[in-house]
Amino acid sequence: MSASPILITGGAQRLGRHCAERLRDDGHPVIISYRRERPELEALRERGIVTLPADFSSEAGILDFLARLKAETSSLRAIVHNASDWAPDSSGAEAGANFERLFRVHMLAPYLINLHARELLEACSEPQRDIVHMTDYVVQKGSRKHAAYAASKAGLANLTLSFAAMYAPTIQVNAIAPALIMLNEGDDEAYAEKARAKSAMEMIPGPGVIYQSLRYLLDNRYVTGVTLPVDGGRHLR
């Protein structure tokens, strides 16, 4: 019997892509969702990673993705909710629309996918099935410039507790809450130095620490309903 794939939403770039590639290296079948076509996707496809387009900014788009996911596979080993939108706040006419989009991407999409893909997880023949929510360090402190982002990620953190209670003991549901893990293109050394100073570890670790955290959750049969902070000790500053 072939192994059940692991689904990573928002898996075309940065942390999602790194985890998809590492899981594939470890022998797991992988399915990713992506928002728009980009050159990096071809390299993922060449490695045998299944790529499904998805628009999580509307309920219709989420349900369409679910229909295509179920046409692609009859079971899942795990779901990693990594799709995200780092949109700043706005005081203009688009403020409400921005908030609603962040709500759909960070909360409604995981909520509906968890509900509708439960049967895929339960169809997995392996002894452990997982759902992992990628939240954010800002959940515990808020954000002056990304209040809507922080609020919607906080909602996702709370969904972790609800689904962990609902799906125990057959499906484990946990979260990973990273702080700054890697730089963006265009970030200069001054920004990097300021970022490093925010954590007790004084480093920008790179995406490998997120894969280590994900691997811990996927490999541990006795952890559910927890948020694993990966922030270098920011609370110590």
Side-chain angles (χ1 to χ4, degrees), residues 7-19 32-35 54-59 61-62 65 78-91 94-115 130-167 172-184 195 198-199 204-205 207 209-211 213-214 216-217 223-235 237:
L7 168 66
I8 302 178
T9 66
Q13 58 180 337
R14 295 178 63 78
L15 299 181
R17 179 183 178 185
H18 179 83
C19 290
I32 68 164
S33 78
Y34 66 94
R35 183 163 40 186
D55 178 8
F56 293 157
S57 65
S58 70
E59 182 177 354
I62 299 165
F65 168 75
I79 301 171
V80 182
H81 290 288
N82 177 71
S84 189
D85 190 339
W86 178 245
D89 294 325
S90 169
S91 58
E94 70 277 12
N98 286 346
F99 190 98
E100 289 181 1
R101 184 179 73 255
L102 291 169
F103 161 75
R104 293 188 186 104
V105 172
H106 297 152
M107 292 181 64
L108 184 61
Y111 177 77
L112 291 177
I113 291 171
N114 288 352
L115 290 175
D130 291 274
I131 296 172
V132 180
H133 296 154
M134 295 296 296
T135 62
D136 198 291
Y137 167 76
V138 299
V139 164
Q140 60 182 293
K141 62 171 292 185
S143 174
R144 293 183 179 90
K145 297 181 180 179
H146 294 82
Y149 169 88
S152 58
K153 284 289 189 176
L156 179 59
N158 188 265
L159 285 176
T160 304
L161 300 173
S162 297
F163 277 104
M166 282 192 290
Y167 287 2
Q172 294 164 239
V173 185
N174 295 290
I176 298 172
L180 179 65
I181 300 297
M182 55 194 298
L183 296 173
N184 291 302
K198 290 182 178 180
S199 71
I204 300 171
V209 296
I210 296 300
Y211 184 68
S213 304
L214 176 61
Y216 166 74
L217 294 175
V223 176
T224 196
V226 304
T227 294
L228 186 62
V230 187
D231 55 29
R234 283 203 178 195
H235 61 291
R237 287 299 195 192

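- For Asp89 (side chain) and Ala148 (main-chain N/O), a donor-acceptor pair under 3.5 Å exists by modelled atom type.
- Taking all atoms of both residues into account, the shortest heavy-atom contact from Gly10 to Ser33 is N-OG, 3.0 Å.
- Listed for the Arg35 side chain is no donor-acceptor partner under 3.5 Å among the backbone atoms of Ala83.
- With respect to Gln172, the side-chain contact (heavy atoms from CB on, under 4.5 Å) criterion is satisfied by exactly one of Val132, Asp130, Ile131: Asp130.
- Remark: Ile32 CD1 to Gln13 CD distance equals 10.0 Å, nearest 0.5 Å.
- Panel note: side chain Asn174, backbone Val223; a donor-acceptor pair is recorded below 3.5 Å.
- For the atom pair Ile181 CD1 and Ile210 CD1, the distance stands at 4.0 Å (nearest 0.5 Å).
- Arg101 is listed as a side-chain neighbour of Ser57, based on a closest heavy-atom distance under 4.5 Å.
- A heavy-atom distance below 4.5 Å is found between the side chains of Pro178 and Met134.
- Pro205 approaches Leu180 most closely through the heavy-atom pair CD-O, 3.9 Å.
- Listed for the Thr227 side chain is no donor-acceptor partner under 3.5 Å among the backbone atoms of Ile176.
- Inspection of the Asp136 and Tyr149 side chains reveals an N or O donor paired with an N or O acceptor under 3.5 Å.
- Contact between Leu161 and Gly225 at its shortest, heavy atoms only, is CD2-O, 3.3 Å.
- Closest approach of Ser152 and His106 over heavy atoms only: OG-ND1, 2.8 Å.
- The nearest pair of heavy atoms linking His81 to Ile79 is NE2-CG2, 3.5 Å.
- Between atom NZ of residue Lys198 and atom CG of residue Asp231 there is a gap of 12.5 Å, rounded to the nearest 0.5 Å.
- Expressed to the nearest 0.5 Å, how far CZ of Phe65 lies from CD1 of Ile113 amounts to 5.5 Å.
- Thr224 places no side-chain N or O within 3.5 Å of a backbone atom of Ala164 that could act as its donor or acceptor partner.
- Shown here for Val138 and Ala150, the closest heavy-atom pair between the two residues is CG2-CB, 3.9 Å.
- Residues Arg17 and Pro207 are not in side-chain contact: their nearest non-hydrogen atoms beyond the backbone lie 4.5 Å or more apart.
- Residues Pro110 and Leu156 meet the side-chain proximity criterion, which asks for heavy atoms closer than 4.5 Å.
- Here NE2 of His133 is found 6.0 Å from CG of Leu159. Values are rounded to the nearest 0.5 Å.
- Asn184 places a side-chain heavy atom less than 4.5 Å from the side chain of Arg14.
- The closest donor-acceptor contact from the side chain of Arg237 to the backbone of Ser199 lies under 3.5 Å.
- Side chain of Asp85 to main chain of Leu102: no donor-acceptor pair is present (N/O by atom type, distance under 3.5 Å, no hydrogens or angles).
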**Test side chain to side chain contact (heavy atoms under 4.5 Å, CB included) applied to Leu108 and Phe56, step by step** = CA-CA 8 Å; Leu108 184 61; Phe56 293 157; over 6 Å; no

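- Within the model, atoms OG1 of Thr135 and CD of Gln140 stand 9.5 Å from one another, a figure rounded to the nearest 0.5 Å.
- Residues Met166 and Val173 form no side-chain contact, since every pair of their non-hydrogen atoms from C-beta on lies 4.5 Å or further apart.
- Side-chain contact check for His18 versus Leu214: every heavy-atom pair is 4.5 Å or farther apart.
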